[in-house]
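Just so it is clear, the model here is predicted, and its values are computed rather than measured.
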Amino acid sequence: MRNDRSLNRYVSAGGTVVYKLPVEAFPGHFTNCYVVMTDPVTLLDAASGQEGSNASMLDAFRRLRDEFGVPVDLSDVGRLFLTHGHIDHFGGLNFVVEQSGAQIGIHELDASVVQYFKERLILNTKNLHLFLDRAGLSAGTVGKLLTMNKWSKDLFRAAKVDFTFNEGTLEGTPFEIYHTPGHCPGQVCIRLDDILFTADHVLSHITPNQSPEFISRYTGLGHYLESLKKVHAIPGLSLGLGGHEDAIADLPARVDETVKFHEARLEKTLGLCDRPKSIKEISRELFGERQDYHVLLAFLETGAHVEYLYERGRLAVTNIEDVEQEYNPVLLYQRQ
Ligand SMILES: [Zn+2]
Ligand SMILES: [Zn+2]
């Protein structure tokens, strides 16, 4: 991920001023939070809520005053929109609420992540366990990856959501919500005049991580590609502002690149399945040896592509007798 530490000012076609605050959510990992100068002030995303993240957010507000002369503080925020249920975006909501008393809104499909954080993570990890066993990993590796997946279990104190949204104009605000599931079930892009806050749906350099819908409903590559089409079709946009990295000047072109990237990865995956292979084997050939959390991300990304191809009849499971006989055997895929 390319970190962009610049604090930037944008003005929407309707004259609303927006500031991008680069917040160091985790060491070396920056999340873009946006201050929108509406009445009341709107904040998009809250970063991770870790001590360093909160300090980084306060520092960004300080820079806003010192470098841009904007007399606005975190305590002035009246509402906080969360773009999706990943901890580097919502984890700081308790801090924001303590500092400002802001009302919190999130898409209805991610509201339970905030309200029942631990439960949702534990259930998600259970599905991940089934997926990793099917992928062909050793028990030792599965154990390590499951522990890794739960690393944030005790980081966040569950919080009450004040309002949820789904799709369309948010009454009493200049914002319009587009539900764009795929990277996360409740992923949204938020429109302000000619600006689209693309969150983690479209980024300027990297392609957001994908995971199979088998683990969590409304994720998966099928939903993601549909959501890319949806964003591509929005007329009248002149700027995309992502949840990480730089601004996106030509959003339709970046969407096209992202689609092409996944099409190429799908073809490559298909090409690798000339004989029966497990997701573990396919992942190794796609990504090589990965370390730490990247091992898990590689398996999830591979799983999403294999699932997409399997659901569309382009890959078949060749060891179906095992599936009939055993509880949760390793699945072997081959192209049709
Ligand atoms: Zn995310
Ligand atoms: Zn993110």
Side-chain angles (χ1 to χ4, degrees), residues 85-87 109-110 112-113 116-154 181-186 209-224 262 265-266 268-336:
H86 284 166
I87 193 129
L109 286 175
D110 279 352
S112 68
V113 176
Y116 313 108
F117 178 65
K118 235 184 216 182
E119 292 86 337
R120 190 75 192 239
L121 189 55
I122 289 168
L123 273 173
N124 173 284
T125 305
K126 188 63 78 179
N127 291 346
L128 177 65
H129 193 162
L130 289 168
F131 165 76
L132 293 173
D133 281 346
R134 275 181 196 192
L137 301 167
S138 69
T141 306
V142 170
K144 252 189 254 167
L145 295 180
L146 293 177
T147 305
M148 226 178 256
N149 190 59
K150 281 196 293 191
W151 69 276
S152 62
K153 190 162 71 80
D154 300 313
H183 172 73
C184 196
N209 183 250
Q210 303 298 314
S211 59
E213 191 170 19
F214 174 81
I215 297 170
S216 188
R217 297 272 299 132
Y218 288 95
T219 63
L221 196 58
H223 287 296
Y224 182 65
H262 285 292
R265 183 162 278 172
L266 284 167
K268 192 166 179 197
T269 304
L270 211 50
L272 291 172
C273 295
D274 51 347
R275 60 173 179 79
K277 283 182 187 167
S278 67
I279 285 178
K280 174 188 164 184
E281 289 173 289
I282 301 165
S283 186
R284 282 275 154 77
E285 292 185 55
L286 280 176
F287 295 103
E289 286 289 333
R290 291 282 175 116
Q291 298 300 322
D292 306 323
Y293 201 62
H294 295 284
V295 178
L296 182 58
L297 294 181
F299 284 126
L300 293 173
E301 182 82 16
T302 305
H305 287 76
V306 168
E307 179 186 76
Y308 182 91
L309 292 166
Y310 171 74
E311 285 179 342
R312 284 154 186 80
R314 299 178 70 192
L315 286 177
V317 171
T318 58
N319 60 329
I320 203 69
E321 298 78 19
D322 299 343
V323 178
E324 198 174 14
Q325 304 297 329
E326 296 169 37
Y327 168 58
N328 192 36
V330 176
L331 299 184
L332 299 175
Y333 295 92
Q334 187 171 14
R335 71 168 177 247
Q336 292 304 287

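- In this structure, CZ in Arg335 is found 6.0 Å from CG in Leu270, a value given to the nearest 0.5 Å.
- Remark: Lys118 engages Asp154 in a salt bridge (charged side-chain N to carboxylate O under 4.0 Å, His left out) (not counting sequence neighbours).
- Taken from CG in Leu121 to CD in Glu119, the straight-line distance is 10.0 Å, to the nearest 0.5 Å.
- Remark: Asn328 pairs with Arg134 by the side-chain hydrogen bond (donor to acceptor under 3.5 Å, both in side chains) rule, at least two apart or across chains.
- With Leu132 as reference, Leu145 is the one residue of Ile279, Asn149, Asn127, Leu145 to meet the side-chain contact (heavy atoms from CB on, under 4.5 Å) rule.
- Distance alone, capped at 3.5 Å, is enough to place a donor-acceptor pair between the Gln334 side chain and the Asp274 backbone.
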Return a table of donor-acceptor pairs under 3.5 angstrom between the side chains of residues 284-297 and protein atoms on other chains or two or more places apart.
{"unit_1": "Glu285", "atom_1": "OE1", "unit_2": "Lys277", "atom_2": "NZ", "d": "3.4"}
{"unit_1": "Glu285", "atom_1": "OE2", "unit_2": "Lys277", "atom_2": "NZ", "d": "3.0"}
{"unit_1": "Arg290", "atom_1": "NE", "unit_2": "Phe287", "atom_2": "O", "d": "3.4"}

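- Applying the ring pair (Phe, Tyr, Trp, His ring centres under 6.0 Å) test to Phe131 and every residue at least two apart in sequence or in another chain returns nothing.
- We find the OG1-CD1 distance between Thr125 and Ile215 to be 9.5 Å, quoted to the nearest 0.5 Å.
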List, one per line, each side-chain donor-acceptor pair under 3.5 Å for residues 305-312, sequence neighbours excluded.
{"unit_1": "His305", "atom_1": "ND1", "unit_2": "Glu301", "atom_2": "O", "d": "2.8"}
{"unit_1": "His305", "atom_1": "NE2", "unit_2": "His262", "atom_2": "ND1", "d": "3.0"}
{"unit_1": "Glu307", "atom_1": "OE1", "unit_2": "Glu213", "atom_2": "N", "d": "2.8"}
{"unit_1": "Glu307", "atom_1": "OE2", "unit_2": "Glu213", "atom_2": "N", "d": "3.2"}
{"unit_1": "Glu307", "atom_1": "OE2", "unit_2": "Phe214", "atom_2": "N", "d": "2.9"}
{"unit_1": "Arg312", "atom_1": "NH1", "unit_2": "Tyr308", "atom_2": "O", "d": "3.2"}

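- Between the side chain of His183 and the backbone N or O of Asn209, at least one donor-acceptor pair lies under 3.5 Å.
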Identify all side-chain donor-acceptor contacts of residues 313-325 below 3.5 Å with residues at least two apart in sequence or on another chain.
{"unit_1": "Arg314", "atom_1": "NH2", "unit_2": "Glu267", "atom_2": "OE2", "d": "3.1"}
{"unit_1": "Thr318", "atom_1": "OG1", "unit_2": "Leu332", "atom_2": "O", "d": "3.4"}
{"unit_1": "Asn319", "atom_1": "OD1", "unit_2": "Leu332", "atom_2": "N", "d": "3.1"}
{"unit_1": "Asn319", "atom_1": "ND2", "unit_2": "Asp322", "atom_2": "OD2", "d": "3.2"}
{"unit_1": "Asn319", "atom_1": "ND2", "unit_2": "Val330", "atom_2": "O", "d": "2.8"}

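- Here the closest heavy-atom approach between residue Val113 and residue Gly85 is recorded as CG1-O, 3.6 Å.
- The closest side-chain heavy-atom distance from Leu130 to Tyr327 is below 4.5 Å.
- Test Asn124, Leu109, Leu123 against Ser216 for side-chain contact (heavy atoms from CB on, under 4.5 Å) and you get one pass: Asn124.
- Distance alone, capped at 3.5 Å, places no donor-acceptor pair between the Arg120 side chain and the Ser112 backbone.
- You'll find the side chain of Trp151 reaches within 4.5 Å of the side chain of Ile87, heavy atoms only.
- Interatomic distance, OG1 of Thr302 versus OH of Tyr333, reported as 11.5 Å (0.5 Å rounding).
- Residues Leu128 and Leu300 approach most closely at CD1-CD2, 3.8 Å, considering heavy atoms.
- Looking at Thr219 and Cys184, their side chains never come closer than 4.5 Å, going by heavy atoms from C-beta outward.
- Summarising the geometry, atom OG belonging to Ser278 is positioned 7.5 Å from atom CG belonging to Leu137; distances are rounded to the nearest 0.5 Å.
- The minimum heavy-atom distance linking Ala304 with Ser211 is given by the pair CB-C, 3.7 Å.
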